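Quantities reported herein were computed from a predicted structural model and do not represent experimental measurements. One-based numbering along the sequence shown.
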Amino acid sequence: MSIDALDRAILFHLSQDGRLTNVELAQRVGLTPAPCLRRVKRLESEGIITGYRARIDPAATGRGFEVMVSVEISINDLQTVEELEGAITAYDEVIEVHRLFGRPDYLIRVAVEDSPTFETFLTTKLMALRAVARVDSHLIMKKLKTSD
């Protein structure tokens, strides 16, 4: 899976606007439509392009209160870690999860309606998981850059 400058240009433009038509994309990267489409199909089949999606305004859907939560765990056996990760990824409030090297063990992005809703999530769901030893919450003041 090697990608060249044209592939990178295709990826850039699709990441900016996934709804571009093949003709528009081809014009932007300096190709004719047929070779452009072949490249896009190759990038998809090789797993470089993994999908297309709509960007949703969290506030418009009642989920404008975002918190980054760092979690440290006290139990590290494989079964417990798999159970913990299964529970965390199943929560609707959790929109992003990263397992980290070192401390904290996890960085979790949570999106809910407001502070009381976050408190309920934190105390009844996240802190109720038996492997969780420590939780630190960091309210997001302002998004400066996102990959969404």
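The hydrophobic cluster containing L107 does not contain V71, counting ILVMFWY residues as joined when their side-chain heavy atoms lie under 4.5 angstrom apart, directly or transitively. By the criterion of side-chain heavy atoms lying less than 4.5 angstrom apart, applied directly or through intervening Ile, Leu, Val, Met, Phe, Trp or Tyr residues, L100 is not grouped with V132; the two fall into different hydrophobic clusters. I10 and V23 end up in different hydrophobic clusters when Ile, Leu, Val, Met, Phe, Trp and Tyr side chains are linked at under 4.5 Å. A single hydrophobic cluster is not seen to contain both L129 and M68; linkage of ILVMFWY side chains at heavy-atom distances under 4.5 Å, directly or through other members, places them apart.
A distance-only check finds a donor-acceptor pair linking the side chain of S15 to the backbone of F12 [under 3.5 Å].
Between atom CG of residue L139 and atom OG of residue S115 there is a gap of 7.0 Å, rounded to the nearest 0.5 Å. Taking OG of S70 as the start and CZ of R134 as the end, the distance is 7.5 Å to the nearest 0.5 Å. Atom CD1 of I88 and atom CD of E93 lie 12.0 Å apart (nearest 0.5 Å). To the nearest 0.5 angstrom, L25 atom CG is 11.0 Å from R39 atom CZ. Atom OG1 in T80 sits 5.0 Å away from atom CD1 in I75 (nearest 0.5 Å). Note: L31 CG to L37 CG = 11.0 Å, rounded to the nearest 0.5 Å.
Between P35 and T32, the shortest heavy-atom contact is CD-OG1, 3.0 Å. A pairwise comparison of heavy atoms in T124 and A128 identifies O-CB, 3.5 Å as the closest pair. Closest approach of R63 and V94 over heavy atoms only: NH2-N, 4.5 Å. Looking at every heavy atom in both residues, V29 comes nearest to L6 through O-CD2, 3.3 Å. Heavy-atom minimum distance, I73 versus R103: O-NH1, 4.0 Å. When every heavy atom of N22 is checked against every heavy atom of P33, the shortest pair comes out as ND2-O, 2.9 Å.
L122 is not listed as a side-chain neighbour of V110, based on a closest heavy-atom distance of 4.5 Å or more. Looking at heavy atoms from C-beta onward, E66 lies in side-chain contact with I95 at the 4.5 angstrom threshold. Between I108 and L126, the closest side-chain pair of non-hydrogen atoms falls below 4.5 Å. Side chains of R42 and D7 form a contact here, defined as non-hydrogen atoms less than 4.5 Å apart. Two residues are said to be in side-chain contact when any heavy atoms from C-beta on lie closer than 4.5 Å; E44 and Y52 meet this criterion. Inter-residue side-chain proximity for V135 and Y106 is flagged as unmet; no heavy-atom pair is nearer than 4.5 Å. Side-chain contact check for E83 versus Q79: some heavy-atom pair is nearer than 4.5 Å. Residues E85 and V97 form no side-chain contact, since every pair of their non-hydrogen atoms from C-beta on lies 4.5 Å or further apart.
Salt-bridge formation is not detected for the pair K125/D92: no Lys NZ or Arg NE/NH1/NH2 atom is positioned less than 4.0 Å from an Asp or Glu carboxylate oxygen.
Y91 and F121 have perpendicular rings, their planes meeting at more than 60° on a 0 to 90° scale where under 30° would count as parallel.
Annotation: salt bridge (Lys or Arg N to Asp or Glu O under 4.0 Å) contacts involving residues 10-27, sequence neighbours excluded, are absent.
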